[in-house]
Amino acid sequence: MLRTHTCGDLRKDHFDQSVTLCGWVDKYRDHGGGVFVDLRDRYGVTQVVFDPSSGLVEEAARLRSEYVVKVTGTVSERPQGMANSKLATGAIEVRATELEVLNASETPPFQPNQSELPGEDTRLKFRYLDLRRSAMQDILLLRSRIIKAMRDHFDEHGFIDVETPILGRSTPEGARDYLVPSRVHNGTFYALPQSPQLYKQILMIAGYDRYIQVARCFRDEDLRADRQPEFTQLDMEMSFVDTDDVIGIIDSLVAKLAKDILGIEVTLPLPRMTYDEAMCRFGHDAPDLRFGMELIDCTSIAKETAFRVFRGVADSGGFVRGIRAEGAASQYSRKKIDELTDFVKEDFGAKGLAWFRVEDDGSLWSPIAKNLEPEVLKKISERMEAEPGDLLLFIADSWEVSCKSLAALRKRLGAELNLYDSDQMHCSWIVEFPMFDWDDEGKRWVAMHHPFTAPRLQDMPLLDDDPGKCRARAYDLVINGYEAGGGTIRIHDQGEQSRVFELLGMDTESARERFGFLLDALKLGAPPHGGIALGIDRFVMLFAKLDNIRDCIAFPKTQRATDMMTEAPGSVDNVQLEELGIRLVRKQQNTDT
RNA sequence: GGGGCCGUAGCUCAAUUGGUUAGAGUACCGGACUGUCGAUCCGGUGGUUGGGGGUUCGAGUCCCCUCGGCCUCGCCA
């Protein structure tokens, strides 16, 4: 090692020792007579003093930000009153006797210690500078600790780590695949895994019993603040288990992480809520349970009014549901409510947003109040448990639109009204998801989770009678309104699996073509099994109290799925394309007027 | 594919209703200074206002196109 200590090591008990530190020049203060340099590495910052007696002042005065230097010197007590309580090493300083510039630096586009964070594009372009910031180093360290804790946990429970292929086969179900052209077999393509789902099931069939993997997954879909095209899952699968077994082992992991990382005691078992209950009470399958403001159904009241907007929706099978923002009436001006209205109209296709302000006498004031009979207003007020000063918001629309709109309003108001402590962590399970979703466009059933999910035993007959009512042995881990993980008990019976494929509109032939290996394997001694995958990036985001997944990943992609540092994706040589048997077709510009 | 916000000095930002030579802090360069730690003080360099086109006597500001970043709907089994 070029150094004897790191920049975070030195304390009073190192007095008078000769040490050598290596690091980056974080800050320099040139006093003419003496020069102070804050030397930084990922362990901390140590002040180095160059005083005239060292003969190094002239050389030290040439140091600039981000120079990489090696300094030898004596650990000294700082003069009376000169200690810096902001630094862990603030009681001491190193009085330099030797200085070596290991590498100079051009003036950096930004400095890792600057108080105003540059725009994210600049940070991503010069990611190595951004990653020198202690905030980023803290996150990556946290990430490393979380992954280690997960590995340790599963190791303690007898799980083995097995790697599965990155180059796999495309399965058109689900998300769009990233494709890799085959050179050996021109015209064919590998697909990067959206998850190791089938491989881990095959491992169960192979008798490996308890499997984990820190698995990179790829989905070629549009990005969000909490979504990257490549992301990391803690993938897990177990044999001879039911829902409670999988949930149990994750429960204890979550409790361990919460305690080790955040020092929070989590009460186990984590609460569970069915999908149906979540949709009724919160309009969302991953509700933020740190606060209330539940959705309240007023459809039955709406059937009693002559007011067309409510009555029409209620009579035609729609829903009139609302939320009560406690004491929020004064905080939401007409203008702000108009913004909320545009929000639900534009983003969720709601036809409108009905709202009421609860007056001091308990009456409801609203532009539409005059259209509603007094007894209807009274019933609404009672059903909503309205108190003076409250703001009531209603969506009259289809089930789906009312869920989406109200869930979004609830989330937005919850944040705007500070209804929860952002340090709080609420973990829970959402269970018993529907097996299938009806795809109106394709006029067919699609798997809500994936096609290998087992239905609840008591719902087996529904596969034939009413697939829409069939509930899955599925469970999602929800933390603070984010889906942090999800899994299912899988189908381990070949006939059952074929039946589900059939229901999903796959004929025997195409099921064989796509999943023949699985169907074969299921016939050759497949144990009951199930598992889960935890979104590691999201875990880190939540444990680090961030609202953006890019900060949890060393080298993330931009929203348009590019890497600003390497400028990937890039074009390739024609020679490479030729080997692959690929010719590019320019996208036709629309020249029509 | 749709909606929204943003783009001005290396970085963070300002610039009145469209009106003089586009400013500030910081960084950078030069100078001063022996205890600073957001060092201080003096001086200085630094701009195709993302790019292109248009309207106008005049555009950072208005309009159109385009590039890029972010948020979001669709999408994400």
Side-chain angles (χ1 to χ4, degrees), chain A residues 26-39 45-54 57 61 64-66 76 78-87 89-90 93 95 106-126 129 171-177 194-195 197-198 217-229 231 339 342-350 404-405 408 411-412 433 435-437 439 441 445-453 472 474 483 486 488 500 504 533 535 547-548 550 557-560 562 564 567:
Chain A
D26 194 56
K27 200 83 193 171
Y28 57 93
R29 294 175 290 279
D30 182 353
H31 281 251
V35 176
F36 298 89
V37 169
D38 292 337
L39 199 60
V45 173
T46 300
Q47 172 164 284
V48 179
V49 185
F50 298 88
D51 60 35
S53 64
S54 70
V57 169
R64 290 296 177 269
S65 293
E66 302 311 304
S76 307
R78 293 197 183 190
Q80 195 70 37
M82 294 296 157
N84 184 348
S85 57
K86 290 180 198 161
L87 286 183
T89 60
E93 61 193 7
R95 305 185 80 84
E106 289 183 4
T107 303
F110 65 93
Q111 289 173 281
N113 64 3
Q114 76 184 45
S115 53
E116 295 141 326
L117 204 58
E120 198 171 356
D121 42 354
T122 307
R123 291 174 52 208
L124 289 173
K125 182 167 182 191
F126 301 97
L129 296 181
T171 54
E173 297 276 327
R176 194 177 293 115
D177 283 319
Q194 296 179 21
S195 80
Q197 182 58 37
L198 289 171
C217 305
F218 305 86
R219 295 177 192 177
D220 187 5
E221 297 293 347
D222 286 346
L223 287 76
R224 287 287 187 282
D226 63 347
R227 247 163 53 190
Q228 281 274 303
F231 58 100
E339 282 172 20
D342 291 342
F343 173 54
V344 292
K345 277 177 155 176
E346 285 162 18
D347 279 4
F348 305 103
K404 286 184 171 180
S405 303
K411 182 178 175 185
R412 180 166 168 166
F433 282 74
M435 280 286 285
F436 309 104
D437 243 351
D439 174 14
E441 273 179 41
W445 293 106
V446 292
M448 189 145 180
H449 190 74
H450 58 52
F452 320 109
T453 301
E483 181 194 333
T488 63
V500 169
L504 294 170
D547 54 9
N548 157 357
R550 292 182 299 279
K557 302 276 189 290
T558 66
Q559 190 171 50
R560 293 180 65 251
T562 63
M564 292 203 76
E567 297 188 313

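Below, chain A is the first sequence line, B the second, and so on; all start at residue 1.
A close approach under 4.0 Å does not occur between any side-chain nitrogen or oxygen of A:Arg176 and OP1 or OP2 of B:C75.
Taking the charged nitrogens against the carboxylate oxygens, A:Asp38 and A:Arg29 do have a contact shorter than 4.0 Å, which makes a salt bridge. With salt bridges taken as basic N to acidic carboxylate O contacts below 4.0 Å, none links A:Arg64 and A:Glu66.
Shown here, B:A24 forms a base pair with B:U12; the pair counts as Watson-Crick or G-U wobble because both key distances fall under 3.5 Å. Remark: B:G74 base-pairs with no nucleotide; criterion is Watson-Crick or G-U wobble with both hydrogen-bond distances under 3.5 Å. With both pairing distances under 3.5 Å, B:G7 is matched to B:C67 as a Watson-Crick or G-U wobble pair.
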Report, as a single string ordered 5' to 3', how protein heavy atoms within less than 4.0 Å touch nucleotides 31-43 of chain B: B base, S sugar-phosphate only, - not at all. --BBBBBSB----

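Distance from the side chain of A:Arg550 is smallest to B:C70 among B:G25, B:C73, B:C70. Considering only the side chain of A:Thr562, B:G69 comes nearest among B:G1, B:G69, B:U72.
With hydrogens and angles ignored, a donor-acceptor pair closer than 3.5 Å exists between the side chain of A:Arg227 and the base of B:C76.
A:Lys27 is linked by a salt bridge (charged side-chain N to carboxylate O under 4.0 Å, His left out) to nothing, counting only residues two or more places apart in sequence or in another chain.
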Do any N or O atoms of the protein come closer than 3.5 Å to N or O atoms of nucleotides 3-10 of chain B, and which pairs are they?
residue	atom	partner	partner atom	Å
B:G10	O2'	A:Pro109	O	3.0

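Along RNA chain B, the nucleotide nearest A:Glu221 and the nucleotide nearest A:Ser65 are compared for position; the residue whose nucleotide lies closer to the 5' end is A:Ser65.
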